[in-house]
Enquirer: 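Following this message is one structure expressed as structure tokens.
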Amino acid sequence: AAGTVPRRRPPPSDMGRGLTLLLLPLALLAAPAQGEGGTAVADEVQIEVLHLPETCSPKSKKGDLLNAHYDGFLASNGSKFYCSRTQNEGHPKWFVLGVGQVIKGLDTAMMNMCPGEKRKVTIPPSLAYGQQGYAQLKIPPNATLIFEIELYAVNKGPRSVEAFKQIDKDGDKKLSELEISQYLKEEFARDGKKRHPSAHDEILADIFKKNDRDGDGFISAKEYNVYQHDEL
């Protein structure tokens with residue numbers, strides 16, 4: 001779809017509801033910052049809080065699964081280059097915070113944010129698309145970006161310690177094909193969506209293809225890449 005920046009194959013749209021595809025990577029306006037060249041990044045993200053709800057809990061942190069809408073503008077002329085409301089039938093975006101699924105500036109800008117909060121953030125080129133820009137979104141080189149963000153939900157991320165333990169029924173700190181298969185069945189039943197009978201096997205095979213790096217038939221905690229620093 002126009003306006004997205006695919007770095008990996010996007011998941012089906014039901015990723016956000018039940019975390020059904022919790023082990024599959026997401027793709028959302030993500031690209032590595034260009035032009036860093038090994039030099040220290042002195043620039044910082046500027047954050048303006050437009051609305052702060054009375055109840056601010058839980059605050060977002062690295063590894064959380066966020067649901068948000070946001071618009072992106074070029075600071076130079078105010079032109080809009082991205083609008084999440086025009087993507088995916090207008091549904092808010094789901095992504096894991098702080099793990100590179102969005103540009104670095106957005107990962108920083110949405111930390112310690114609470115559900116219902118609105119922010120206007122200014123992101124320097126070094127934390128966005130750098131010296132190369134991004135032609136598909138009509139972002140020129142060395143562009144400062146402005147995003148207006150509305151955060152709807154903060155959930156425990158799909159690669160959190162809690163999620164790992166939920167799947168790891170026997171507690172051996174590795175996920176077997178049977179354990180993940182059972183988890184998928186539970187999530188399919190929970191969200192109630194109709195799927196082709198082959199969907200389960202295809203998703204299960206894709207999960208192991210992407211995550212079982214040593215090919216031993218299990219997904220270890222390291223391969224699962226838990227985003228929190230908690231010990232399993």
Side-chain angles (χ1 to χ4, degrees), residues 1-7 10-11 13-19 26-33 41 43-130 133-134 136-140 143-160 227-228:
T4 57
V5 184
R7 197 174 61 177
S13 59
D14 63 341
M15 167 68 190
R17 284 190 58 192
L19 301 187
L26 299 167
L28 162 67
L29 196 63
V41 177
D43 298 321
E44 296 181 354
V45 175
Q46 298 176 23
I47 299 174
E48 177 185 355
V49 177
L50 302 178
H51 173 71
L52 188 67
E54 291 184 8
T55 301
C56 185
S57 179
K59 287 190 175 183
S60 60
K61 63 183 183 302
K62 181 179 179 180
D64 282 344
L65 183 70
L66 305 189
N67 185 233
H69 264 317
Y70 51 88
D71 296 332
F73 307 85
L74 297 179
S76 59
N77 59 17
S79 63
K80 183 183 291 188
F81 63 84
Y82 184 82
C83 176
S84 64
R85 291 173 176 83
T86 65
Q87 308 292 319
N88 192 27
E89 299 181 345
H91 297 299
K93 298 291 187 181
W94 289 95
F95 63 96
V96 180
L97 182 65
V99 299
Q101 290 179 353
V102 292
I103 56 175
K104 290 183 179 181
L106 279 176
D107 265 340
T108 299
M110 298 186 70
M111 292 286 184
N112 297 311
M113 196 172 180
C114 48
E117 185 175 343
K118 297 180 182 180
R119 290 182 177 182
K120 180 179 180 181
V121 302
T122 303
I123 299 174
S126 59
L127 300 179
Y129 295 94
Y134 198 86
Q136 185 176 342
L137 290 182
K138 299 181 180 179
I139 298 174
T144 296
L145 307 181
I146 295 174
F147 284 91
E148 293 182 358
I149 307 165
E150 183 173 4
L151 181 61
Y152 295 104
V154 177
N155 297 324
K156 290 186 181 299
R159 292 184 187 257
S160 66
Y227 291 138
Q228 298 180 12

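Sequence positions, counted from 1, serve as the residue numbers for this chain. Both backbone and side-chain heavy atoms feed into the values below; hydrogens, waters and symmetry mates do not.
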Enquirer: Can you see which heavy atom on Gly116 is nearest to which on His51, and at what distance?
Expert: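 What the structure gives for the nearest pair is O-CD2, 3.2 Å.
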Enquirer: Stepwise, does the side chain to side chain contact (heavy atoms under 4.5 Å, CB included) test hold for Ile146 with Val121?
Expert: CA-CA 6 Å; Ile146 295 174; Val121 302; over 6 Å; no
Enquirer: Any heavy-atom pair between the side chains of Ser57 and Pro115 that's under 4.5 Å?
Expert: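 Not in contact.
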Enquirer: If you take all heavy atoms of Phe81 and Leu137, which pair is closest and at what distance?
Expert: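 Heavy-atom minimum between the residues: CB-O, 3.3 Å.
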Enquirer: Rounded to the nearest 0.5 Å, how far apart are CG of Asp71 and CD of Glu150?
Expert: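 Reported value, rounded in 0.5 Å steps: 10.0 Å.
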Enquirer: Suppose we screen for side chain to side chain donor-acceptor pair (under 3.5 Å). Which residues come up paired with Glu148, at least two apart in sequence or across chains?
Expert: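 For Glu148, no residue satisfies side chain to side chain donor-acceptor pair (under 3.5 Å) once neighbours in sequence are set aside.
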Enquirer: Spell out, as yes or no, whether a donor-acceptor pair under 3.5 Å connects the side chain of Asn67 to the backbone of Lys93.
Expert: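 Side chain of Asn67 to backbone of Lys93: a pair is present.
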Enquirer: Whether the side chain of Arg119 engages the backbone of Ala109 through a donor-acceptor N/O pair (distance < 3.5 Å, no angle test) should be reported.
Expert: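 Judged by distance alone, yes, a pair lies under 3.5 Å.
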Enquirer: Would you check if the side chain of Ser84 reaches a backbone N or O of Tyr70 as a donor-acceptor pair within less than 3.5 Å?
Expert: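 Judged by distance alone, yes, a pair lies under 3.5 Å.
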Enquirer: Compare every heavy atom of Leu151 with every heavy atom of Cys114, then report the nearest pair and how far apart it is.
Expert: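 Shortest heavy-atom contact: O-CD2, 3.7 Å.
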Enquirer: For Thr122, give me all partners under side chain to side chain donor-acceptor pair (under 3.5 Å), at least two apart in sequence or on another chain.
Expert: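 Applying side chain to side chain donor-acceptor pair (under 3.5 Å) to Thr122 gives none.
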Enquirer: Measuring from Leu97:CG to Met113:CE, what's the distance to the nearest 0.5 Å?
Expert: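 The CE atom of Met113 is 10.5 Å from CG of Leu97, to the nearest 0.5 Å.
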Enquirer: So that I can tick it off, tell me whether Lys59 and Glu117 are bridged by a salt bridge, with the cut-off set at under 4.0 angstrom between side-chain N and carboxylate O.
Expert: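 Lys59 and Glu117: not salt-bridged.
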Enquirer: Under the side chain to side chain donor-acceptor pair (under 3.5 Å) test, which residues partner Asn77, sequence neighbours left out?
Expert: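 Checked Asn77 against side chain to side chain donor-acceptor pair (under 3.5 Å); matches are Ser79.
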Enquirer: With a 6.0 Å cut-off on ring centres, are Tyr82 and Tyr134 close enough?
Expert: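 Tyr82 vs Tyr134: aromatic centres not under 6.0 Å.
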Enquirer: Starting at NZ of Lys80, measure out to CG of Leu74 and round the result to the nearest 0.5 Å.
Expert: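 So the NZ of Lys80 and the CG of Leu74 are separated by 12.0 Å.
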Enquirer: At their closest point, which heavy atom of Val96 faces which heavy atom of Gln101, and how far apart are they?
Expert: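 That closest heavy-atom pairing would be N-OE1, 2.9 Å.
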Enquirer: If you apply the rule side chain to side chain contact (heavy atoms under 4.5 Å, CB included), what do you find for Lys62 with Met111, and how did you get there?
Expert: CA-CA 7 Å; Lys62 181 179 179 180; Met111 292 286 184; 4.0 Å; yes
Enquirer: Between Thr144 and Pro125, is there a side-chain heavy-atom distance shorter than 4.5 Å?
Expert: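 Counting from C-beta outward, Pro125 and Thr144 do come under 4.5 Å.
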Enquirer: Give the C-alpha distance, both sets of side-chain angles, the deciding distance and a yes or no for side chain to side chain contact (heavy atoms under 4.5 Å, CB included) between Ile103 and Leu127.
Expert: CA-CA 7 Å; Ile103 56 175; Leu127 300 179; over 6 Å; no
Enquirer: Tell me, with the steps shown, if Trp94 and Leu65 meet side chain to side chain contact (heavy atoms under 4.5 Å, CB included).
Expert: CA-CA 7 Å; Trp94 289 95; Leu65 183 70; 3.6 Å; yes
Enquirer: Between Lys104 and Asp107, is the closest basic N to carboxylate O distance under 4.0 Å?
Expert: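 Salt bridge between Asp107 and Lys104, a charged N being under 4.0 Å from a carboxylate O: no.
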Enquirer: What's the spacing between Ile123 CD1 and Leu145 CG if we round to 0.5 Å?
Expert: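 It is 6.0 Å, given to the nearest 0.5 Å.
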Enquirer: If we ignore hydrogens and angles and just use 3.5 Å, is the side chain of His69 paired with the main-chain N or O of Gly90 as donor and acceptor?
Expert: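 The answer is yes, because a donor-acceptor pair under 3.5 Å joins these two groups.
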Enquirer: How far does CD of Gln46 sit from CG of Asp43, to the nearest 0.5 angstrom?
Expert: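 Separation between the atoms: 9.5 Å.
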